[in-house]
Number of protein chains: 2
Amino acid sequence: MPRSPVSRRLAEAAVALFGERGYDETTVDDIAARAGVSRSTFFRHYRSKEDVIFPDHDALLAKVDARLRASTADTAIVAVCDAVRIVLAHYVEDAEVSLRRYRLVGQVPALRDREIVSVARYQRLFREFAGDWLAGSPDAPLRAELMASSVVAAHNQVLRGWLRANGRHDPFAPLDRALEYVITTFRHLEKPRDAAEQVVVATFARSASPDAVMDAIRTHLEER
Amino acid sequence: MPRSPVSRRLAEAAVALFGERGYDETTVDDIAARAGVSRSTFFRHYRSKEDVIFPDHDALLAKVDARLRASTADTAIVAVCDAVRIVLAHYVEDAEVSLRRYRLVGQVPALRDREIVSVARYQRLFREFAGDWLAGSPDAPLRAELMASSVVAAHNQVLRGWLRANGRHDPFAPLDRALEYVITTFRHLEKPRDAAEQVVVATFARSASPDAVMDAIRTHLEER
DNA sequence: CGGCCTGCTGGTACTAAGTATCGTTCATAT
DNA sequence: ATATGAACGATACTTAGTACCAGCAGGCCG
């Protein structure tokens with residue numbers, strides 16, 4: 001949210017003080033003082049003490065929402081992947097800030113909680129999108145929930161890996177891999193259930209016993 | 001956490017006041033006064049104002065943890081399902097309280113956030129368990145994360161459905177259905193990747209064109 | 001019986017986050 | 001030059017949460 005110079009100064013002062021004294025040991029007065037402004041001004045720029053270290057979630061949420069809305073039914077998967085990439089890109093752009101925040105969040109429970117809540121907002125967005133997208137299909141709410149949570153989980157897993165590695169490697173390749181993982185999983189559920197439309201490939205080990213073949217068939221039937 | 005009579009009185013007073021005046025309009029002093037104790041006593045029984053309406057998450061987490069630890073590698077899936085059922089059962093047992101809390105949480109953002117954080121603690125437990133369980137297999141961290149988030153998402157979806165229906169129908173059948181959904185999905189990823197071990201069944205519509213067959217084969221190959 | 005320890009309680013004082021409000025300054029437009 | 005509106009400083013206030021101390025019951029032992 002460092003839009004205005006004052007906001008930026010406040011954020012820098014906060015990060016510096018949090019690093020020096022710790023989060024709980026730093027008061028809003030301290031932050032404002034170092035930034036050379038009053039306490040009132042701090043709360044004009046940030047709703048709370050926690051807000052000052054978190055990225056502009058509102059703007060980022062809006063971006064994600066816009067990307068999701070700009071999609072038709074047949075490009076939904078692409079939209080989801082793009083949206084997730086947008087989020088990751090936002091962290092990667094300010095790698096310095098992201099890393100500092102990561103280390104801080106790992107130490108302060110209150111900030112950890114705050115981050116979890118923020119992530120839930122993204123998940124909600126994805127869930128609503130998936131809900132509209134799957135509307136009409138069986139078990140739409142459940143699948144929407146699973147899809148949203150999986151997408152977010154994949155993103156988080158990749159992001160945490162990148163942060164733990166101090167932002168060295170490129171995280172977009174792992175993200176694509178993880179997303180493909182998720183998509184594969186869900187395509188498995190999205191398959192047409194009408195037997196007349198079904199196209200299935202089967203191979204058997206030459207040594208397979210008839211029982212093994214029957215088990216495989218039964219398993220596949222149950223999986224539908 | 002209504003262990004002692006004082007705790008119970010405090011909880012009842014809090015719920016009553018939250019219902020009458022709203023959450024933000026009720027102070028801890030009000031709650032303590034109605035319960036006939038001092039403010040100090042309130043904070044001795046509940047760490048915070050929010051704590052007073054949430055169930056005994058610590059005890060429940062311990063139960064879940066115990067159930068997960070009491071499992072070997074081949075009963076892991078059963079343990080996870082049992083653990084989730086334990087959580088749902090905890091809500092169903094006090095249906096009255098759960099429903100009141102649900103309605104309240106839906107109105108107060110602070111409580112909503114608190115609940116999200118609580119859910120994350122369960123998810124973390126499942127993730128660690130799945131991480132140990134899958135240790136050694138490829139992409140273990142990613143799969144553990146996906147598995148944990150999916151299990152929790154399934155539970156939440158079923159729980160919310162039950163709450164929205166005012167706790168009328170039995171939620172355990174839907175839960176089992178949802179969990180089977182998740183298990184099916186993940187079994188799909190757990191399949192042995194060694195081609196020599198592969199057993200696959202294939203059927204084609206008689207009218208299928210060669211291109212359709214080729215597409216199906218390519219898709220299945222990519223899905224591995 | 002009397003002293004002692006322990007656990008629970010009430011009360012007071014304190015810190016700090018967040019809110020509300022008022023007056024001031026300053027820049028820009030008319 | 002004056003009006004308007006936005007940003008800031010300052011003050012006062014509410015409330016959550018913490019720290020600390022003093023009283024008060026009941027149990028236990030000599």
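Labels below follow one simple rule: chain letters A, B, ... track the order of the sequence lines, proteins then strands, and each chain is numbered from 1.
At dG9(D), one or more side-chain N or O atoms of T41(A) fall inside 4.0 Å of OP1 or OP2 (strictly under the cut-off). Contact annotation: H45(A) side-chain N/O to dA7(D) OP1/OP2 distance is not under 4.0 Å.
Ranking dG10(C), dA17(C), dA10(D) by closeness to the S40(A) side chain, first place goes to dA10(D). Nearest nucleotide to the side chain of F43(A), out of dG18(C), dA10(D), dG10(C): dG18(C).
The distance from atom CG of D24(B) to atom C1' of dT19(C) is 12 Å, rounded to the nearest whole Å. What separates OH of Y46(B) from C1' of dC8(C) is a distance of 16 Å, to the nearest Å. Whole-Å rounding puts the F42(A) CZ to dA10(D) C1' distance at 18 Å. Between the C1' atom of dA16(D) and the CG atom of D29(B) lies a distance of 10 Å, rounded to the nearest Å. Atom CZ of R44(A) and atom P of dC22(C) are 14 Å apart (whole Å). In this structure, the CD atom of E25(B) is 14 Å from the C1' atom of dT19(C), given to the nearest Å.
One finds no salt bridge joining E115(A) and R101(A) here, because no Lys/Arg side-chain nitrogen approaches an Asp/Glu carboxylate oxygen to under 4.0 Å. A salt bridge is absent between D132(B) and R69(B); no separation between the charged side-chain nitrogens and carboxylate oxygens falls under 4.0 Å.
Across all strands shown, T27(A) has heavy atoms under 4.0 Å from sugar-phosphate atoms exclusively, and none from any base.
The local environment of CZ in R177(A) is sparse, with at most 12 non-hydrogen atoms from other residues, nucleotides or ligands closer than 6.0 Å.
Aromatic rings of Y122(A) and H155(A) (six-membered ring for Trp) have centroids beyond the 6.0 Å cut-off, not under it.
Taking only distance into account, the side chain of S48(B) never meets the base of dA16(D) through a donor-acceptor pair shorter than 3.5 Å.
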